[in-house]
Every structure is written in C-alpha cells, then in structure tokens.
Colleague: 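Starting off with a structure, shown below.
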Protein chains: 2
Amino acid sequence: MKNLTRKEQIRLVAENMFRQKGYAATSMRHLAKAIGIEAASLYNHISSKEDLLKDICFESAAEFFNAINDVQKLELPPDEKLAAAIMAHVKVVTSNLNGSAVFLHEWRFLSEPHRSEYKKVRKAYRQEFRNILNEGVKKGYFKPVDTKLYSLSILSALHWIYDWYNPSGELSPEDLGRQFSYVLLEGVRKSSTK
Amino acid sequence: MKNLTRKEQIRLVAENMFRQKGYAATSMRHLAKAIGIEAASLYNHISSKEDLLKDICFESAAEFFNAINDVQKLELPPDEKLAAAIMAHVKVVTSNLNGSAVFLHEWRFLSEPHRSEYKKVRKAYRQEFRNILNEGVKKGYFKPVDTKLYSLSILSALHWIYDWYNPSGELSPEDLGRQFSYVLLEGVRKSSTK
DNA sequence: CCTACCGATCGGTAGG
DNA sequence: CCTACCGATCGGTAGG
C-alpha cells in the first residue's frame with residue numbers, strides 16, 4: 001500500500017468496500033476512515049462518489065474488452081477461440097476480483113448518461129461471445145444451439161466466479177479457465193452412455 | 001393489487017424496489033410513497049426494514065428448497081434428475097423474478113444471525129446439486145468432472161437468469177429450462193467433429 | 001393510518 | 001489535509 005499514490009489507494013479501498021457492502025451502503029466517511037484521513041480530504045483526489053464508481057466500472061469494462069479483442073485477433077477455429085475467450089475472461093476476473101464484482105453488480109447506481117453507455121459496452125462484449133458461437137455453428141463445430149441464450153449462459157457461469165473464487169486456494173486461474181472451457185464445450189454427460 | 005392485504009402489498013413492492021435499486025438505496029419513504037401511505041404507517045405491518053428483507057430471502061430460499069426436494073424424491077437416473085433439478089430451479093426463478101433477485105443479491109445486508117443462517121441454507125442447496133453430480137459420476141453417467149466446480153458453474157448460469165429473462169417474451173420457462181439442461185449436459189461441441 | 005418528531009448520518013463545500 | 005459546517009435524508013417512535 002505504501003508505494004501507491006493516494007488516488008490509487010482510494011480506488012483500491014473503494015473497489016473493496018463497494019464489493020463487500022455495495023455502493024449505496026458505503027459512505028465517504030467509511031472510505032476515508034479505512035484510509036486514515038477525513039472524508040473531506042477525499043475530495044482533493046476525486047470529484048464525487050459516483051465518479052469513483054464510474055471509473056471502476058469503465059476501466060474494468062476496458063480490461064474485459066481488451067482481453068476479448070486480443071482473442072479475436074488470433075486465427076483460431078471457433079472451438080479453440082471460445083476456449084481462449086473463456087480463459088481470457090477468467091484471467092481478468094481473477095486478477096481483479098473486487099473491480100470485477102463492482103463492474104458486474106454496482107453499475108446500476110450509475111446515473112445517466114453513464115448507465116446507458118455502460119449497458120452498450122456490456123452488450124457489445126456479449127456480442128463478441130455470440131459471434132464466436134455463431135461462427136462455430138455455421139462452420140459445423142458447434143451444435144445448432146440458440147446462440148443468444150448460450151452466450152448468456154456462458155457469461156452467467158463466468159460472472160459468478162468472483163463470488164466463490166478463492167485467490168489463495170489451490171485452484172489457479174489457468175486451471176479454472178481450462179475446466180470451464182472443457183465443461184461448457186463438452187458437457188457433463190459421458191458420451192458412451194448416450 | 002386490489003385483493004391483497006396491505007402486508008402482501010408491501011412485500012411485493014419491496015421485492016420490486018430492492019431488486020431495482022438495491023436494499024440499501026431503498027428508503028422506507030420511497031417504499032411508502034409507491035404504496036400511497038406515509039412511511040410511519042409501514043410499521044403497523046412490518047417491524048423493520050431488515051425484517052422485510054429477511055422474510056423475502058428466507059421465503060425465496062424455501063421455494064428453491066421445496067423444488068429440489070420434490071426432485072430428489074423422484075426415482076430417476078442422474079442425468080434425468082439433473083435435468084429435472086435445472087427445470088425446477090428455472091421454474092422458481094421465472095415465477096418470482098423480483099424475489100429471486102433479492103434472494104441472490106441482497107442477502108448480504110442481513111445482519112447476524114440471519115446472515116449465517118442464510119449462508120448455510122444456500123450451501124445446502126448447492127450440495128443437493130452436487131449430490132446429483134456425484135451420483136452421476138459414480139454410476140458412469142457423467143464424466144469424472146470436479147463436481148464442486150461443476151455444481152457452482154451450473155448454479156451460476158442459472159443465477160443470472162433474473163437479469164435478462166423477459167417474462168413477456170416468447171421464451172417460456174419450460175423452453176428455457178429444457179435448453180439449459182441440454183446445453184449443460186451435452187455441451188456445445190458437435191460430437192462428430194471431435 | 002397520520003402528524004410530528006428524534007438522533008444519526010449522508011455527500012459535499014468553504015476556507016484555511 | 002483538516003475543522004467546521006450545510007441542507008437533505010435516513011430508520012424508526014410517540015401519541016393519537
């Protein structure tokens with residue numbers, strides 16, 4: 001914590017508290033106390049509580065977006081691309097559990113126009129997954145599933161990771177990503193019994 | 001709304017507002033205004049704001065629990081049992097989107113001892129799913145997956161339904177449940193290309 | 001079910 | 001970065 005600027009420090013504490021208690025239930029006084037300054041002093045580094053939320057949400061969004069864009073640049077068959085997209089998502093979530101949780105849950109406290117802007121970004125991200133699925137169906141790699149529903153299912157499964165992932169546990173982000181890819185691509189049923 | 005007791009009316013409005021704005025950001029005055037009475041009058045029907053949350057959370061939990069218990073009573077092979085459990089879960093969520101959302105997201109505003117009690121109940125519910133998976137693996141219906149991780153994935157996928165399910169859309173709860181079961185059991189990959 | 005009110009706490013500003 | 005403070009709003013109670 002010592003080699004961080006005060007602004008970075010505020011940001012990290014805010015991500016943590018917004019995740020634990022929620023944005024609405026976190027007061028600027030709680031935040032300040034956790035840092036060790038007075039509430040009024042926060043305003044030398046940030047302009048408002050909502051601005052803090054906005055920054056967390058949009059910078060998290062950017063991380064997810066960068067990750068999926070890197071995957072899209074790879075020339076891979078759809079099944080490997082889907083696995084790579086899942087791995088990339090898991091890596092972003094696990095590398096920033098607090099920020100991801102805020103990004104996923106607290107965005108609704110954004111006021112306009114940020115709220116609408118956020119929704120657009122999130123929709124575009126989902127569309128990237130859907131595109132991979134569509135390509136896979138078209139090229140015969142995937143079953144002819146409802147790709148809208150299926151992309152929602154995949155992202156839903158991934159969205160909840162922050163809720164139970166233990167960064168100090170034995171499961172590495174890579175293992176987690178691999179297992180998720182396997183299970184979502186292959187299903188749980190043993191094919192021989194089918 | 002007209003043939004409901006005032007208490008039921010308060011409950012429904014609270015589920016709706018807790019879902020939309022979150023528990024912490026919903027004030028008793030907002031709630032009262034939406035109903036058309038003064039905030040003080042709410043206290044003739046409920047004892048506190050948290051009590052309202054507690055009731056919503058635990059009654060929702062009971063609905064999910066009853067549903068899975070009914071499924072467990074059926075004598076079914078593991079694959080069909082898993083499908084039935086998924087169907088049952090989807091039915092509960094879609095029949096009470098607001099309550100389910102509160103149950104899933106706002107429980108953390110419960111204070112002790114309700115918070116711990118809630119966590120126990122939720123864990124037991126997850127364990128039911130895991131039991132089905134364990135049985136399926138043991139009897140050779142399912143691949144030898146990590147059943148802890150896999151039960152979390154399934155429930156995560158199901159947990160997000162309230163976020164995007166449109167009850168007035170064309171997708172019925174039955175269709176949704178069927179598609180989820182299919183996709184989680186069989187995976188997306190076309191077996192012939194494997 | 002209402003009016004009137006309680007002490008506590010909120011996000012944020014002025015001024016240094 | 002602090003003290004001092006603003007008006008607004010919070011959950012809840014007293015008394016009718």
Side-chain angles (χ1 to χ4, degrees), chain A residues 1-58 102 105-115, chain B residues 1-58 102 105-115:
Chain A
M1 277 298 239
K2 287 293 179 260
N3 48 351
L4 295 177
T5 66
R6 186 110 286 175
K7 191 169 183 177
E8 290 166 333
Q9 205 181 19
I10 293 170
R11 165 68 170 271
L12 285 178
V13 173
E15 284 180 357
N16 187 26
M17 294 187 77
F18 288 174
R19 176 194 176 181
Q20 305 295 338
K21 306 160 63 93
Y23 174 77
T26 298
S27 76
M28 297 308 271
R29 284 162 179 82
H30 294 141
L31 233 170
K33 195 170 184 183
I35 292 170
I37 58 176
E38 292 300 318
S41 306
L42 291 169
Y43 291 91
N44 287 295
H45 305 97
I46 58 158
S47 61
S48 72
K49 188 185 177 190
E50 192 184 332
D51 213 58
L52 202 45
L53 176 65
K54 193 196 73 189
D55 285 351
I56 296 171
C57 286
F58 283 92
V102 173
H105 272 141
E106 307 300 325
W107 62 269
R108 57 194 168 139
F109 295 106
L110 292 171
S111 56
E112 298 296 352
H114 305 301
R115 193 184 159 101
Chain B
M1 274 299 239
K2 288 291 177 260
N3 50 351
L4 295 176
T5 66
R6 186 110 284 178
K7 192 170 182 176
E8 292 165 332
Q9 204 182 16
I10 293 169
R11 165 67 171 272
L12 286 178
V13 173
E15 286 180 355
N16 186 26
M17 294 187 77
F18 289 174
R19 175 192 177 183
Q20 305 295 338
K21 304 160 65 92
Y23 174 77
T26 299
S27 76
M28 297 309 270
R29 284 162 179 84
H30 293 142
L31 233 170
K33 195 169 186 184
I35 292 170
I37 60 176
E38 292 299 318
S41 307
L42 291 168
Y43 292 90
N44 288 294
H45 304 99
I46 59 157
S47 61
S48 71
K49 187 187 178 188
E50 191 184 333
D51 214 59
L52 200 47
L53 177 64
K54 194 196 73 189
D55 284 351
I56 295 171
C57 286
F58 283 92
V102 173
H105 273 140
E106 307 300 324
W107 63 269
R108 58 192 169 142
F109 295 105
L110 292 170
S111 56
E112 298 296 352
H114 305 301
R115 193 183 158 101

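Reminder, nothing fancy here: chain letters follow the sequence lines and each chain counts from 1.
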Colleague: Expressed as a whole number of angstroms, how long is the span from B:His45:NE2 to D:dG11:P?
Modeller: 18 Å

Colleague: Using atom NZ of A:Lys49 as one end and atom C1' of D:dT9 as the other, report the distance to the nearest whole Å.
Modeller: 13 Å

Colleague: Does B:Arg108 offer a backbone N or O that forms a donor-acceptor pair with the side chain of B:Arg115 under 3.5 Å?
Modeller: yes

Colleague: Send over the distance from A:Asp51 CG to C:dT13 C1', rounded to a whole Å.
Modeller: 17 Å

Colleague: From C-beta outward on B:Ile37, which listed nucleotide comes closest to its side chain: C:dC1, C:dC10, D:dG11?
Modeller: C:dC1

Colleague: Can a side chain N or O of B:His30 be found less than 4.0 Å away from OP1 or OP2 on D:dT9?
Modeller: no

Colleague: Between C:dC10 atom C1' and A:Glu50 atom CD, what is the distance in whole Å?
Modeller: 15 Å

Colleague: Give a yes or no on whether the backbone of A:Ser27 and the side-chain of A:His30 come within a donor-acceptor separation of less than 3.5 Å.
Modeller: yes

Colleague: What's B:Ser47 touching, base or sugar-phosphate or nothing? Going by heavy atoms closer than 4.0 Å.
Modeller: nothing

Colleague: Between B:Tyr43 (OH) and D:dC10 (P), how many Å, whole number?
Modeller: 11 Å

Colleague: State the dot-bracket string of DNA chain D. Criteria: Watson-Crick or G-U wobble, both atom distances under 3.5 angstrom; notation: ( ) intrastrand, [ ] crossing earlier pairs, | interstrand, . unpaired.
Modeller: ||||||||||||||||

Colleague: Whole angstrom is fine here: how far is it from CZ in A:Phe18 over to C1' in C:dG11?
Modeller: 12 Å

Colleague: Side-chain contact test, heavy atoms from C-beta onward, threshold under 4.5 Å: evaluate it for B:Arg6 versus B:Ile10 and give yes or no.
Modeller: yes

Colleague: Taking the side chain as everything from C-beta on, heavy atoms only, tell me whether B:Glu50 gets closer than 4.5 Å to B:Tyr23.
Modeller: yes

Colleague: Between B:Asn44 and B:Ser48, which residue's closest nucleotide on DNA chain D lies nearer the 5′ terminus?
Modeller: B:Ser48

Colleague: Out of D:dC2, C:dC10, D:dC1, which nucleotide sits closest to the side chain of A:Glu38?
Modeller: D:dC2

Colleague: Out of D:dC2, D:dA14, C:dG11, which has the shortest distance to the side chain of A:Ala40?
Modeller: D:dC2

Colleague: Mind calculating the distance between CG (B:Leu42) and P (C:dT3) to the nearest angstrom?
Modeller: 14 Å

Colleague: Verify the contact: side-chain N or O of A:Arg6 to OP1 or OP2 of D:dC1, cut-off strictly under 4.0 Å; return yes or no.
Modeller: yes

Colleague: To the nearest 0.5 Å, tell me how far B:Phe18 CZ sits from B:Leu31 CG.
Modeller: 5.5 Å

Colleague: Walk me through it: do B:Ile46 and B:Met28 pass the test side chain to side chain contact (heavy atoms under 4.5 Å, CB included)?
Modeller: CA-CA 11 Å; B:Ile46 59 157; B:Met28 297 309 270; 3.4 Å; yes

Colleague: Would you indicate, yes or no, if C:dC10 has its OP1 or OP2 atom less than 4.0 angstrom from a side-chain nitrogen or oxygen of A:Ser27?
Modeller: yes

Colleague: Side chain of A:Ser41 only, heavy atoms from C-beta on: which candidate in D:dC1, D:dG12, C:dC1 is closest?
Modeller: D:dC1

Colleague: Send over the distance from A:Arg29 CZ to D:dC5 P, rounded to a whole Å.
Modeller: 14 Å

Colleague: Show your working on salt bridge (Lys or Arg N to Asp or Glu O under 4.0 Å) between A:Glu15 and A:Arg19 and close with a plain yes or no.
Modeller: CA-CA 6 Å; A:Glu15 284 180 357; A:Arg19 176 194 176 181; over 6 Å; no

